[in-house]
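Count residues from 1 along the sequence. In listed order, ligands and their atoms are each counted from 1.
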Amino acid sequence: VSHESDVIVVGSGPAGVHAALPLVEAGVSVTMLDVGNEDERYAPLVPDLPFGDMRRSERAQHRFLLGDELEGLPLGSARVGAQLTPPRGHVLRDVPRLTPLVSGTFRASESLALGGLGAAWGASAVRFDAGDLAGFPLSEGDLAVHYEAVASEIGISGSRDDLLRYYGECASLLPPLEADPSVTHLLRRYAGRRTRANRRGLYLGHPRLAVLSRAHAGRSAQSYHDLDFYSDRGRSVWRPAVTLDRLRGRAAFSYARPWLVERFDEPHDPAAVVVLARDPKTGERAEFRARRLVLAAGTLGTARIVLRSLGLYDTPRPIVSNPHVYVPCLQPSWIGRPVASRRHSLTQAGLIFDPPAGEGGLVYGEVHVYGSLLLFKLVRESSLPMPQALGIVRELLSALAILVLEHADEPAADKSCTLRRSGPAGADALHVDYREPDAARFARRRTESALLAALRRLGCHALGRIDTGPGSSIHYAGTFPMAAGEVPLSVDRACRLRGTRAVYLCDGSFLPRLPAKPLTLTLMANARRVASELLREVL
Ligand SMILES: Cc1cc2nc3c(=O)[nH]c(=O)nc-3n(C[C@H](O)[C@H](O)[C@H](O)COP(=O)(O)OP(=O)(O)OC[C@H]3O[C@@H](n4cnc5c(N)ncnc54)[C@H](O)[C@@H]3O)c2cc1C
């Protein structure tokens, strides 16, 4: 079978849909190739009720809370991907079988779903600033108009508070979501002690989220039902499926699945790139031809396709991933208050720790509250017997916050990914080796201690520290970094892979390093930028 279009985009994640949209709107024909797994089972079961009412009244709740195969009961550690409830289970489905990854040091999460990892993302959407992009061949100005275009498409809520200078401007910013009362209490304490907190480097404010606080483009405002980890009803949280549905309404767009892309080839015909893909269900193979190919298969997925296509087995590539820790915290002054029934499930407050010069790097933080992910998962983290622990956690719940902290990451000698023919019958697998240098690990522990000391002065006390290990931030980049000069296996400013005529990488592959910020808004803005470069070439 052979199919033709102007541009092929591989992957329907946040980057893929934002590469496709401007092309299709300009009349360019786009075929999106994707495995495209979806949840057909649980979504219709989740009722349109607040979480507490649902727990009291819904007869089928065990199905979507625990799963038909009890897949919602974590057997190992509950910490990584705790948000991946049974209705989100399809996000990781088929990955070990179809895109294997081998590592003893790196916990990678990849997706073959419609929407990719974006089908489960937490929607924190902040810009990279000039400091974050220092040394890149790309400036803040190159991305600015694309950040704004993405924000208008997806809808971003937040406020212009103390975090504005870290999160960046957003002309279409919607009002912030309502915060949980315990977090509003923390924000009030911060406001009363702002000058001293800032002197220590601590800044708090409303989070920047791709979640609607007002109805927009056929999507509903946030319902505060605390079911965001289970259901996309009303679509207040932006997921790639929102934009994919818009694309699917256009004649110039075709969504082809299930196709697992194996490799590309650039034959002698200078006007074409050929993509070879396999139907993972039937094993049938097909060829797709286009004038340009955009790979948006996720940093790890794209690395597999590129290295296999170029025959570069056993050739290590750099990789970076934000170090990531959880810190359960208690605000003793809030103990005994009732747990709010009206709340959303995503980040409640944003935090930046920007210590004085010479006292460590910037840390990005999110304040979460705990509830709809079910208490038994939290209780398993304590060393007490289950019945006693459950009683204690219930008493403390309204005063409990879970802090998520993220640090920057730089390439280093011990951080690499390599495609090897290590599977059965010569099948390949991506091998990741990731060791953080001791000095870097100690430095970030010191910075975290200073951050937690500053937070303690606001009455918020750390109860522990859970380091889920490399890879668990689910932010990956750095495999084919953008370079100004003719560096082999780099991408140029347009994100064209050097050594190819027409292959563009628009997921995290192009970022040479990761600042201490979530990367996905930047991936989407850059994908639009890549599309605008293609429009100049293809039209
Ligand atoms: C629980 C969770 C919370 C997160 N929270 C945040 C957050 O708050 N903020 C943030 O910035 N980031 C967050 N992330 C990370 C974010 O989801 C990713 O950065 C983002 O999805 C990456 O987008 P992408 O388009 O590059 O790739 P992906 O989302 O990984 O999409 C890859 C796409 O490629 C397809 N694909 C892969 N291989 C092939 C192949 N061989 N053939 C065909 N198709 C293929 C997949 O089916 C998929 O459609 C979170 C992730 C998770 C899981």
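In summary, the side chains of His431 and Ser103 do not present any donor paired with an acceptor at a separation below 3.5 Å, with no hydrogens or angles considered. Using a 3.5 Å distance cut-off with no hydrogens or angles, the side chains of Asp228 and Ser345 do pair a donor with an acceptor. Residues His90 and Asp39 have side chains that never bring a donor and an acceptor to within less than 3.5 angstrom of each other. Neither side chain, Arg88 nor Tyr230, offers a donor N or O lying under 3.5 Å from an acceptor on the other. Using modelled atom types and a 3.5 Å distance limit, the side chains of His407 and Glu448 yield a donor-acceptor pair. No side-chain donor-acceptor contact under 3.5 Å links Thr418 and Tyr313.
For a threshold of 3.5 Å applied to N or O pairs, the pair formed by Thr299 and ligand 1 contains no separation below that value. The shortest N or O to N or O distance between Gly122 and ligand 1 is below 3.5 Å. Backbone and side-chain nitrogen or oxygen atoms of Gly118 are examined, and one is located within less than 3.5 angstrom of a nitrogen or oxygen of ligand 1. The shortest N or O to N or O distance between Leu523 and ligand 1 is not under 3.5 Å. For ligand 1, the polar-atom distance check finds no N/O of Gly508 at less than 3.5 Å from any of the ligand's N/O atoms. Note: an N/O pair closer than 3.5 Å links Ser12 and ligand 1 by distance alone.
Of all the listed residues (Val35, Thr522, Val91, Asp34), Asp34 holds the heavy atom that lies closest to atom 47 (O) of ligand 1. The closest non-hydrogen atom to atom 46 (C) of ligand 1, taken over Ala477, Pro14, Ala119, Ser111, comes from Ser111. For atom 1 (C) of ligand 1, the candidate residues are Gly36, Ala120, Ala19; the nearest heavy-atom contact is made by Ala120. The closest heavy-atom contact to atom 37 (C) of ligand 1, among the options Ala297, Gly301, Ala277, comes from Ala297.
With hydrogens and angles disregarded, no donor-acceptor distance shorter than 3.5 Å links the side chain of Lys415 to the backbone of Ser321.
Looking at Ser109 against ligand 1, nothing comes within 4.0 Å, counting heavy atoms. Residue His475 touches ligand 1 through its side chain alone, judged by heavy-atom distances below 4.0 Å.
Atoms of ligand 1 lying under 4.0 Å from at least one heavy atom of Trp259, given by number and element, are 42 (N), 43 (C). Applying the 4.0 Å criterion to heavy atoms of Ala123 picks out, from ligand 1, the atoms 7 (C), 8 (O). For ligand 1, the atoms closer than 4.0 angstrom to any heavy atom of Ala296 are 32 (C), 33 (C), 34 (O).
For the pair Arg127 and Arg208, the minimum side-chain heavy-atom distance is 4.5 Å or more. At least one side-chain heavy atom of Pro323 sits under 4.5 Å from a side-chain heavy atom of Asp409.
With sequence neighbours left out, the side-chain contact (heavy atoms from CB on, under 4.5 Å) criterion links Thr347 to Ser124, Pro207, Leu209, Glu366, His368.
Within the 4.0 Å heavy-atom shell around ligand 1 one does not find Thr99. Under a 4.0 Å heavy-atom criterion, Ala113 is in contact with ligand 1.
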Donor-acceptor contacts under 3.5 Å from residues 305-312 side chains, at least two apart:
from	atom 1	to	atom 2	distance (Å)
Arg308	NE	Asp428	OD2	2.8
Arg308	NH1	Glu262	O	2.7
Arg308	NH2	Asp428	OD1	3.1
Ser309	OG	Phe264	N	2.9
Ser309	OG	Ile305	O	2.6

